[in-house]
Student: 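My structure is below; once you've seen it, I'll send some questions.
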Amino acid sequence: MKGSAGIRPVRPGEGARLREFRLRALKDAPHAFYWPIEVEESVSVAEWELWAGAGRVMYVVEEESAWLGMAGCILRGDVLDATGMWVVASARGRGFGEELISAIIAWGLERGASSMRFAVTETNSVAITLYTRLGFQPTGERRALASDPSLTGIFMAKPIFPPRST
């Protein structure tokens, strides 16, 4: 953990807070998300509550009760389909992106996942550099963003393995 910040899964009852945080992320970086803000605004709090349920998880970076970042995934068979990575501008560069990915991988390994994949906007060089450093590689799959069809998301993936015991 970085300083007094910690990473934890969203808890039941935090759907409204998660919704507001996601909308904040979309306003800050609409180019980084597949869906436009209008679609996300229509998602009910009950649907956001599902991120605290089985088969999926949303992690948040929390410092002194403030949320500084988030990333989630849905387990589809043995593949972690990650989504929603975002860190507030004032907390960027503190290593939270790597910690969020590590938390997702640990969660997935506990549930039998063997790989992790996600899409990242091809113009997001900072994120692509982080993901490449962590061993993710482009899969060749691409898709236009619904939020801005002039932008393309590239899919990246890697196999994941339990930590080696020494």
Student: Distance to the ring centre below 6.0 angstrom and angle to the axis at most 45 degrees; does that hold for R17 and W67?
Tutor: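 Output yes; distance and angle both within limits.
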Student: Check V45 against A16 and note the closest heavy-atom contact, atom names and distance.
Tutor: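 Heavy atoms only, the tightest pair is CG1-N, 3.5 Å.
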Student: Is there a side-chain contact between Y59 and P9 (heavy atoms, below 4.5 Å)?
Tutor: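 Y59 reaches P9 side chain to side chain.
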Student: Going through the distances and angles, do H31 and D148 end up as a side chain to side chain contact (heavy atoms under 4.5 Å, CB included)?
Tutor: CA-CA 7 Å; H31 59 279; D148 182 348; 6.0 Å; no
Student: Please report the interatomic distance CD1(I7) to CD(E99), rounded to the nearest 0.5 Å.
Tutor: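 Reported to 0.5 Å precision, the distance equals 4.5 Å.
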Student: Distance from S147 atom OG to L26 atom CG, nearest 0.5 Å?
Tutor: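 Nearest 0.5 Å value for the OG-CG distance: 8.0 Å.
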Student: Any idea which heavy atoms bring P12 and A52 closest together, and the distance?
Tutor: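 Scanning both residues, the minimum pair turns out to be N-CB, 3.6 Å.
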Student: Could you tell me whether the side chain of S115 reaches within less than 4.5 Å of the side chain of K158, counting heavy atoms only?
Tutor: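 Answer no - side chains too far apart.
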Student: Out of curiosity, I160 CD1 to I101 CD1, how far, rounded to the nearest 0.5 Å?
Tutor: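 Rounded to the nearest 0.5 Å, the CD1-CD1 separation comes out at 11.5 Å.
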Student: First locate atom CG of D28, then atom CH2 of W86, and finally report the distance between them rounded to the nearest 0.5 Å.
Tutor: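 Going from CG on D28 over to CH2 on W86, the span is 5.0 Å.
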Student: List the atom of V87, the atom of G97, and the distance in Å for their closest heavy-atom pair.
Tutor: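 Scanning both residues, the minimum pair turns out to be CG2-N, 4.5 Å.
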Student: Under 3.5 Å, sequence neighbours excluded: what are the donor-acceptor pairs made by side chains of residues 137-144?
Tutor:
residue, atom, partner, partner atom, Å
T139, OG1, E141, N, 3.1
T139, OG1, F155, O, 3.4
E141, OE1, R117, NH2, 2.9
R142, NH1, E122, OE1, 3.3
R142, NH2, E122, OE1, 2.9

Student: Do L134 and I105 share a hydrophobic cluster, counting only Ile, Leu, Val, Met, Phe, Trp and Tyr and linking them when any side-chain heavy atoms are less than 4.5 Å apart?
Tutor: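 Linked, L134 and I105 end up in one cluster.
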Student: Would you check if the side chain of S44 reaches a backbone N or O of E47 as a donor-acceptor pair within less than 3.5 Å?
Tutor: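 Confirmed, S44 side chain pairs with E47 backbone.
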Student: With a 4.5 Å limit on heavy-atom distance, are the side chains of R22 and W51 in contact?
Tutor: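 They are not in contact (no side-chain heavy atoms under 4.5 Å apart), so the answer is no.
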Student: Verify side chain to side chain contact (heavy atoms under 4.5 Å, CB included) between I104 and L80, making sure each step is shown before the conclusion.
Tutor: CA-CA 8 Å; I104 289 171; L80 292 172; 4.0 Å; yes
Student: Can W107 be reached from V10 by stepping across I, L, V, M, F, W or Y side chains whose heavy atoms are under 4.5 Å apart?
Tutor: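 They do share one cluster, since a chain of ILVMFWY contacts under 4.5 Å joins V10 to W107.
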Student: Indicate the atoms forming the closest heavy-atom contact of L100 with G69, along with that distance.
Tutor: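 The pair with the smallest heavy-atom distance is CD1-C, 4.4 Å.
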Student: Return the minimal non-hydrogen interatomic distance between M58 and G72, and the atom names on each side.
Tutor: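 Distance-wise, the nearest heavy atoms are SD-N, 3.4 Å.
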Student: Hydrophobic clusters here meaning ILVMFWY residues chained together by side-chain heavy-atom distances under 4.5 Å, can you tell me if V60 and I74 are in one?
Tutor: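 As far as the 4.5 Å side-chain criterion goes, I74 and V60 are connected within one cluster.
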Student: Would you check if L75 and V57 make a side-chain contact, meaning some heavy-atom pair closer than 4.5 Å?
Tutor: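 No - every pair of side-chain heavy atoms lies 4.5 Å or more apart.
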Student: Decide yes or no for T132 and M156: does some side-chain heavy atom of the first lie under 4.5 Å from some side-chain heavy atom of the second?
Tutor: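 In short, these two side chains touch, coming nearer than 4.5 Å.
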Student: Kindly work out whether a path of hydrophobic side-chain contacts (I/L/V/M/F/W/Y, heavy atoms less than 4.5 Å apart) joins W35 to V43.
Tutor: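 No, W35 does not connect to V43 through the hydrophobic network.
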Student: Between M85 and Y131, is the side chain to side chain contact (heavy atoms under 4.5 Å, CB included) condition met? List the steps.
Tutor: CA-CA 11 Å; M85 169 79 81; Y131 302 143; 3.6 Å; yes
Student: Are L109 and V79 linked, directly or through other ILVMFWY residues, by side chains that come within less than 4.5 angstrom of each other?
Tutor: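 In one cluster: no.
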Student: What is the distance from atom CE of M116 to atom CG of D78, rounded to the nearest 0.5 Å?
Tutor: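 Separation between the atoms: 14.0 Å.
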Student: Run the numbers on E41 and L23 for side chain to side chain contact (heavy atoms under 4.5 Å, CB included), then give the verdict.
Tutor: CA-CA 7 Å; E41 286 174 330; L23 294 176; 3.7 Å; yes
Student: CG/L130 to CG/N124 distance, rounded to the nearest 0.5 angstrom?
Tutor: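 The CG atom of L130 sits 9.5 Å away from the CG atom of N124.
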Student: Closer than 4.0 angstrom, basic N to acidic O: yes or no for R94 and E63?
Tutor: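 Salt bridge flag = yes for E63 with R94.
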Student: Kindly give the heavy-atom pair with the smallest separation between G15 and W48, and that separation in Å.
Tutor: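 Looking at all heavy atoms of both residues, the closest pair is O-CB, 3.4 Å.
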Student: Does R19 form a salt bridge (charged side-chain N to carboxylate O under 4.0 Å, His left out) with E14? I'd like the steps, not just the answer.
Tutor: CA-CA 9 Å; R19 180 183 184 276; E14 292 183 322; over 6 Å; no
